[in-house]
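Residue indices begin at 1 and follow the sequence shown.
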Amino acid sequence: MTGRRRAGSVSLLLEIECRDGEVASALDAALMPDNRYFPKDQRFSASRRGRRLTFRVDSPRLRPAVSTVESIIADAKLFGEVWSQASRR
């Protein structure tokens with residue numbers, strides 16, 4: 001995760017590299033329903049290229065931006081645990 005602060009605002013970039021494109025596609029599909037609603041003053045974008053997911057959060061306030069990124073990380077971790085269990089079956 002990288003972050004940059006501009007005159008009263010913050011921009012955070014989170015990249016998640018998955019094992020392969022199949023996992024990245026599944027994680028993308030799992031995360032997107034949760035990533036529709038944000039504080040009105042926050043901008044959010046997500047993209048997938050191959051096995052890498054990229055999330056960008058721009059906000060005039062630090063805490064809500066960090067909270068959004070923390071939520072993505074927590075959801076990705078949960079996905080990884082579920083994916084791992086499902087793969088064992």
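Within the model, atoms CG of Leu53 and CD1 of Ile72 stand 10.0 Å from one another, a figure rounded to the nearest 0.5 Å. The distance from the CG atom of Asp28 to the CZ atom of Phe55 is 6.5 Å, given to the nearest 0.5 Å. Between the CD1 atom of Ile73 and the CD1 atom of Ile16 there is a distance of 7.0 Å, given to the nearest 0.5 Å. Once rounded to the nearest 0.5 Å, the distance linking CG of Asp41 with CG of Asp58 reads 11.0 Å. The line from CH2 of Trp83 to SG of Cys18 is 9.5 Å long, rounded to the nearest 0.5 Å.
Taking each heavy atom of Ala24 and Gly50 in turn, the nearest pair found is CB-O, 3.6 Å. What you find for Leu27 and Ala76 is that their closest heavy atoms are CD1-CA, 4.0 Å. The minimum heavy-atom distance between Asp20 and Val23, with the atom names listed, is OD1-N, 2.9 Å.
Remark: Val82 engages Leu78 in a side-chain contact (heavy atoms from CB on, under 4.5 Å) (not counting sequence neighbours). Scanning for side chain to side chain donor-acceptor pair (under 3.5 Å) contacts around Glu17 gives Arg51, Arg52, with sequence neighbours left out. In this view, Arg63 satisfies the side-chain contact (heavy atoms from CB on, under 4.5 Å) rule with no residue, not counting sequence neighbours.
Judged by distance alone, with hydrogens and angles left aside, the side-chain atoms of Thr68 form a donor-acceptor pair with the main-chain N or O of Pro64 at under 3.5 Å.
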